[in-house]
Novice: 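Just dropping this structure here.
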Amino acid sequence: MADRGRGAARGARGVGGNFKGRHGGPQGSQPTMEKPKREAILDLSKYVNERIRVKFTGGREVTGILKGYDQLLNLVLDEVEEEILEPEPHTRSLGLAVLRGPTITLLSPVDGSEEIANPFNTQE
């Protein structure tokens, strides 16, 4: 390829030793700053081996026994049952399942929670 007066040939960057990286600093000499360890938003340790209810984006809903979790809110549930509402309400047994954290919208314990009538629903 002909040199058109655009500077050094390809691959010859940094030959003089003064080359700065794309972000302005010398390459390789930046001090490494350690990021603080990311902590989970929720403390799920009190729910391990307890039955929980999980709702997902898209409306799916499952209940199961929490066996494990990580900082991204990925969950491992045992004895999982999916509650299917359409075309008719019934449950489907899934066994052991891994639930992806980014798809979870609601997480609640099953014990101690009960469904109540909606006080804002007007009876016509």
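For this chain, numbers begin at 1 and follow the sequence in order. Since this is a predicted model, take the numbers as computed values, not measurements.
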Novice: Less than 4.5 Å apart, side chain to side chain, heavy atoms only: is that true for Lys67 and Val48?
Specialist: no

Novice: Suppose clustering is done on Ile, Leu, Val, Met, Phe, Trp and Tyr with side-chain heavy atoms closer than 4.5 Å. Which residues sit in the same group as Leu96?
Specialist: Val76, Val98

Novice: List the residues meeting side chain to side chain donor-acceptor pair (under 3.5 Å) with Asp78, not counting sequence neighbours, and say none if there are none.
Specialist: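 With sequence neighbours excluded, Asp78 shows a side chain to side chain donor-acceptor pair (under 3.5 Å) to no residue whatsoever.
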
Novice: Can you sort out the partners of Thr57 under side chain to side chain donor-acceptor pair (under 3.5 Å), two or more places apart, ordered by chain and number?
Specialist: none

Novice: Does the side chain of Phe56 come within less than 4.5 Å of Leu99's, by heavy atoms?
Specialist: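 A side-chain contact under 4.5 Å exists here.
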
Novice: Supply the atom-to-atom distance Ile52 CD1 to Tyr69 OH, rounded to the nearest 0.5 angstrom.
Specialist: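 If we round to the nearest 0.5 Å, Ile52:CD1 and Tyr69:OH are 11.0 Å apart.
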
Novice: What residues join Ile65 in its hydrophobic cluster, counting side-chain heavy atom gaps under 4.5 Å, either direct or through other members?
Specialist: none

Novice: Of all heavy-atom pairs between Gly101 and Asn74, which one has the smallest distance, and what is that distance?
Specialist: N-OD1, 2.7 Å

Novice: Please report, to 0.1 Å, the donor-acceptor pairs under 3.5 Å made by any side chain of residues 79-90, with sequence neighbours excluded.
Specialist:
from: Glu82; atom 1: OE1; to: Arg60; atom 2: NH2; distance (Å): 3.3
from: Glu82; atom 1: OE1; to: Arg92; atom 2: NE; distance (Å): 3.2
from: Glu82; atom 1: OE1; to: Arg92; atom 2: NH2; distance (Å): 2.4
from: Glu82; atom 1: OE2; to: Arg60; atom 2: NE; distance (Å): 2.8
from: Glu82; atom 1: OE2; to: Arg60; atom 2: NH2; distance (Å): 3.1
from: Glu83; atom 1: OE1; to: Arg53; atom 2: NH1; distance (Å): 2.9
from: Glu83; atom 1: OE2; to: Arg53; atom 2: NH1; distance (Å): 3.4
from: His90; atom 1: ND1; to: Glu88; atom 2: O; distance (Å): 2.9

Novice: Taking only residues two or more places apart in sequence or in another chain, which ones pass side chain to side chain contact (heavy atoms under 4.5 Å, CB included) with Leu73?
Specialist: Leu42, Leu44

Novice: Where do Glu50 and Asp111 come nearest, in terms of heavy atoms and distance?
Specialist: OE1-OD2, 3.8 Å

Novice: Tell me, please, which residues at least two apart from Lys55 pass salt bridge (Lys or Arg N to Asp or Glu O under 4.0 Å).
Specialist: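 By the salt bridge (Lys or Arg N to Asp or Glu O under 4.0 Å) rule, Lys55 matches Glu61.
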
Novice: Sorted by first residue and then second, give each side-chain hydrogen bond (donor to acceptor under 3.5 Å, both in side chains) pair with at least one member in residues 98-107; sequence neighbours left out.
Specialist: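 Residue pairs with at least one partner in residues 98-107: there are none.
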
Novice: Should Val54 and Thr63 count as side-chain neighbours, where that means a heavy-atom distance under 4.5 Å?
Specialist: no

Novice: Nearest 0.5 Å please: distance from the CG atom of Leu77 over to the CG atom of Leu66.
Specialist: 5.5 Å

